[in-house]
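One structure below.
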Amino acid sequence: QVSALTNRPPRGLGGRYVSLRSRDGGCFHPDTNLGYSPRSFEALANRRAFWPNSTGMAAHYAGQASQLVNQLDKDIAGFLKVGPDISKRDKSAIRIKLTLNGLARELGLNGSVETFGSFSNGFKTGTSDLDVVFTSHKSGSHDGDEQAVSILQKFAENLPLKDLGFTNITKIFQASVPLLKLTDMDSQIEVDLCVNNELGVRNSLLLNTYCKYDRRVLHLGRLVKEWAKKHELASSTDGCLNSYAYMLLVVFFLQSVQPPVVPNLQMLEQESFLVPDRKWGGEDYWETKFKMNVDDLPPSSNKMSIGELLINFFQFYARDFDWRRHAVSMRRQETGKTVDKNSLVLPANDDQWYVEDPFDLKHNLAGKCTRAGKKRILDEMKNALLVLQQTGKYTSCLPQSPGTEFYMKCRISQNVQPPDLLEAFKEFDLVKLHFPKPDGSTRMQAFLQFGDAASRRKAHTKNEKYICDCQLQLHYSSQHSLAEALTQCQFSTYEMASYKMQRQVLEARMKESQFTGGMMKDVDMPQDMAAQMVFQNAMFGKVPPPPPPQPAMMWEEQKPMMPMAGKVDPIQMQMAGYWAAPQPMQMYPGPPMRQVQPVPVPPPPKAPVAPRKPPEHKEMEKKEIRKHVPAVVPPKENGGTCQAVPMVPEVSREVPKSSSEPSTGHWLEVKLTNQLPQGIQLPAEQMSKLKHLAQEFSKYQSMEKRSHEGQAEVILHVPITYDNSITFTPELKQMLDNVKEQSRLWA
């Protein structure tokens with residue numbers, strides 16, 4: 001019906017033309033009124049300047065609009081009804097103020113704590129913070145941020161000691177107005193404490209005076225504030241407006257509507273009231289006069305209901321207000337006029353929004369709005385307007401389900417790496433870390449994702465703490481801000497659950513693993529080194545072995561062994577006479593080392609030998625691991641540094657072979673002596689060989705480290721297997737047969 005009606009050509013009556021056009025499926029503009037209301041349609045019907053039967057049709061739509069607005073008013077009344085939770089928060093606010101005043105007296109501070117902000121101006125919601133200010137009574141109390149930080153530091157140091165029921169003490173001393181954030185454990189109210197913020201107190205008093213003049217200011221402000229918070233639009237750090245800026249939008253709109261709901265209280269006052277301020281670095285004195293006694297003012301002639309005002313509010317800013325040319329300035333707003341943004345103190349281009357603070361003329365509350373943030377605000381306003389017109393329910397324009405993801409963001413330097421942030425926030429139930437990939441910029445922005453609001457609030461206590469060379473500046477954020485950041489640079493996502501699991505695996509391996517060759521045993525790795533290893537490998541599904549420390553031992557380089565099925569140490573092969581002549585050694589830089597001389601193998605015993613005690617030197621007391629056997633120790637010649645001692649394993653270790661005869665497992669004990677002077681630095685090539693040797697030794701079963709005569713000694717248990725298909729030299733086979741015979745006797 002509306003479409004058919006609007007497509008008809010306008011018809012005149014007495015030279016006057018009137019047309020009806022549709023705006024957003026139900027928002028009509030019959031004349032210059034701002035929005036749609038029953039009175040608009042009644043006025044249109046009374047003009048009798050329509051098509052045939054136009055009076056009846058206009059009355060029909062006026063009736064529908066009236067019914068819709070009545071339904072919206074009822075829904076809003078139920079939403080604004082003060083419940084027990086709000087009244088309980090009011091009582092808690094009084095208790096918190098008295099507690100902080102008592103602490104100030106105990107600290108010897110000459111001043112008092114007062115409430116301002118939403119709890120004093122009436123715009124509080126169920127999640128509003130409690131803003132309190134400590135005002136010093138000393139003369140010359142406006143000495144800048146130094147005094148404010150000093151007073152806040154005293155509160156921060158003594159609040160935990162006094163056990164006054166506050167937690168999550170967070171320092172925000174680098175802000176333009178230094179703050180100390182607290183959480184009241186009884187009511188879970190967030191408390192923002194500042195010092196000598198007289199300008200903020202005057203702002204709250206001005207808004208409260210507007211609320212006293214007309215209650216519709218309070219009701220509309222609460223509705224708009226709740227709508228902005230539910231849609232995550234009340235954060236200047238995410239490129240949107242803050243809650244205070246939305247209250248200024250409400251007052252400016254109520255000044256602009258015809259007829260105005262509220263007058264301009266700042267223009268009505270003549271007596272000056274200057275307030276000093278040092279927010280911008282210098283000494284500024286701002287005019288804060290406004291008419292405080294509103295009882296003698298005539299009431300507003302505007303009789304629009306709160307439902308009509310809410311619809312017109314969204315219509316005004318989403319459709320009618322020219323953000324490119326005009327500014328929101330409740331200080332200069334007059335009925336029927338607009339405020340040119342270029343006439344204000346701060347310069348602004350066409351794309352920049354301008355929301356002027358009523359007192360601090362250097363403060364544009366929309367100065368931090370980004371292109372994406374402005375688009376989100378306007379889109380949500382248009383959507384809310386459409387929903388209200390179609391359903392007549394305020395609750396329908398709010399998100400149906402609360403958010404389940406909670407974000408914080410912080411700027412980091414290039415020296416900060418993902419494991420640094422993962423380690424710093426792992427105690428706060430961090431879920432994911434969204435880390436920007438380096439793009440050459442000096443400052444990057446990382447996003448921290450938490451599973452609930454309480455964890456995010458606890459993590460905020462690390463604000464202004466240092467990680468590497470970066471002081472953290474943590475700000476609450478949203479998924480929309482992360483999505484906007486993804487359009488500007490690339491991010492890598494790290495899950496804390498996977499990170500913790502890999503840390504546990506790595507720590508377990510570090511405790512259980514034992515490197516051969518004296519490289520490492522029960523080494524305590526620093527936390528940052530372990531975190532770096534997990535970041536580099538475990539996050540991609542690989543569990544790296546712990547890195548070796550600075551080598552305490554070195555090995556002599558030998559020629560490669562011939563291919564053999566069994567694992568036999570090259571030194572043992574040389575001792576057994578496998579090579580015809582000893583090979584020259586390639587020495588590391590340092591003092592010359594002696595060459596390993598072949599050691600003759602003793603002949604096999606002619607008869608079984610009775611058991612005898614093992615040598616008492618070398619402190620070989622491993623009864624829980626294996627039994628002692630008579631060591632067949634060749635005599636040292638020319639001060640040789642290596643010796644082979646056949647040992648008997650406690651449990652037979654056999655490897656099945658394809659041969660018909662089963663292979664036999666035995667043990668060798670290899671002694672490796674370090675002759676490298678202390679403090680020597682190995683070249684990269686030798687370190688590579690050393691690590692390769694350590695990796696080869698790590699394949700074997702066990703290792704033990706002990707001290708003998710003040711020198712470190714490593715005993716490596718190497719299983720040796722062989723069968724008839726392998727050809728050994730007679731000397732080596734004779735030696736292995738002797739070992740087998742001794743094992744049989746001692747078994």
Side-chain angles (χ1 to χ4, degrees), residues 27 34-35 37 69 72-73 75-82 86 117-129 203-204 206-208 210-211 213-236 238 240-257 260-262 302 304-321 323 328-330 333 353 355-358 365-366 369 373-374 376-389 391-399 478:
C27 185
L34 293 174
S37 67
V69 171
L72 179 58
D73 288 336
D75 186 69
I76 290 176
F79 181 83
L80 293 176
K81 185 178 180 180
V82 178
I86 299 295
S118 59
F119 270 81
S120 62
N121 60 32
F123 291 118
K124 62 178 177 293
T125 63
T127 58
S128 295
D129 296 345
N203 283 327
S204 299
L206 173 63
L207 295 179
N208 189 36
Y210 275 110
C211 293
Y213 176 79
D214 196 301
R215 296 294 293 176
R216 288 176 291 180
V217 180
L218 173 61
H219 295 159
L220 183 61
R222 288 184 57 187
L223 294 174
V224 173
K225 186 176 180 180
E226 185 72 16
W227 166 83
K229 283 192 171 183
K230 292 295 185 180
H231 287 281
E232 297 182 327
L233 298 172
S235 175
S236 59
D238 282 347
C240 299
L241 300 171
N242 58 22
S243 298
Y244 175 61
Y246 283 104
M247 299 304 99
L248 301 186
L249 294 184
V250 169
V251 175
F252 181 82
F253 161 72
L254 296 177
Q255 291 174 337
S256 304
V257 71
V261 177
V262 295
N302 188 303
M304 297 176 69
S305 67
I306 188 64
E308 292 177 270
L309 290 173
L310 181 62
I311 293 177
N312 281 280
F313 172 85
F314 289 125
Q315 170 67 31
F316 178 72
Y317 286 111
R319 300 290 186 186
D320 300 333
F321 188 77
W323 290 96
V328 176
S329 175
M330 53 185 287
Q333 179 61 15
W353 287 4
V355 180
E356 184 190 52
D357 187 275
L365 284 89
C369 285
K374 292 183 291 186
R376 284 185 56 220
I377 294 175
L378 293 179
D379 289 346
E380 291 296 343
M381 283 185 171
K382 294 175 183 178
N383 182 67
L385 178 62
L386 182 61
V387 171
L388 292 177
Q389 292 168 350
T391 64
K393 292 184 179 180
Y394 169 74
T395 52
S396 297
C397 67
L398 302 178
S478 64

Arg215 CZ to Leu220 CG distance, which is reported to the nearest 0.5 Å: 13.0 Å
Cys397 vs Leu388 side-chain heavy atoms within contact, under 4.5 Å: yes
Ser243 to Ala234 - nearest heavy-atom pair and separation: OG-CB, 3.8 Å
Test applied, side chain to side chain contact (heavy atoms under 4.5 Å, CB included); reference residue, Phe253; option that passes from Val261, Asn312, Leu248, Val224: Asn312
Results of side chain to side chain donor-acceptor pair (under 3.5 Å) for Asp214 - residues two or more places apart only: Arg216
Distance (rounded to the nearest 0.5 Å) between Tyr246 OH and Leu233 CG: 4.5 Å
Separation between CD1 of Ile311 and CG of Leu386, rounded to the nearest 0.5 Å: 11.0 Å
Where Leu378 and Tyr317 come nearest, the two heavy atoms and their spacing: CD2-O, 3.7 Å
Ring geometry between Phe316 and Phe321 (parallel below 30°, tilted from 30 to 60°, perpendicular above 60°): tilted
Qualifying residues under side chain to side chain contact (heavy atoms under 4.5 Å, CB included), relative to Lys374, sequence neighbours excluded: Asp351, Trp353, Cys369
Residues forming a side chain to side chain contact (heavy atoms under 4.5 Å, CB included) with Met247, sequence neighbours excluded: Phe123, Leu207, Lys225
NZ/Lys229: more than 12 non-hydrogen atoms of other groups inside 6.0 Å: yes
Single hit among Glu380, Gln389, Met381 for side chain to side chain contact (heavy atoms under 4.5 Å, CB included) with Phe314: Met381
Residues in ring pair (Phe, Tyr, Trp, His ring centres under 6.0 Å) contact with Phe119, at least two apart in sequence or another chain: none
Min side-chain heavy-atom separation Leu206-Met330 under 4.5 Å: yes
Side chain to side chain contact (heavy atoms under 4.5 Å, CB included) partners of Glu232, counting only residues at least two apart: Arg376, Ser478, His480
Minimum heavy-atom distance Ser305-Val69, with the two atoms named: OG-CG1, 3.6 Å
Closest non-hydrogen atom pair, Ala366 against Val355: CB-CG2, 3.8 Å
Separation between CG of Leu310 and OH of Tyr394, rounded to the nearest 0.5 Å: 7.0 Å
Note, Leu241 side chain near Ile377 side chain (heavy atom, < 4.5 Å): yes
Residues in side chain to side chain donor-acceptor pair (under 3.5 Å) contact with Tyr210, at least two apart in sequence or another chain: Gln255
Any residue meeting side chain to side chain donor-acceptor pair (under 3.5 Å) with Ser329, in chain and number order, not counting sequence neighbours: Glu356
Stepwise side-chain contact (heavy atoms from CB on, under 4.5 Å) check, Cys211 with Arg222: CA-CA 11 Å; Cys211 293; Arg222 288 184 57 187; over 6 Å; no
Nearest-0.5 Å distance, CZ of residue Phe79 to CG of residue Leu72: 12.0 Å
Any residue meeting side chain to side chain contact (heavy atoms under 4.5 Å, CB included) with Asp357, in chain and number order, not counting sequence neighbours: Asn203, Tyr244, Phe359, Asp360, His363, Leu365
Partners meeting ring pair (Phe, Tyr, Trp, His ring centres under 6.0 Å) with His231 (sequence neighbours left out): Trp227
Sequence-distant partners of Glu226, side chain to side chain donor-acceptor pair (under 3.5 Å), two or more places apart: none
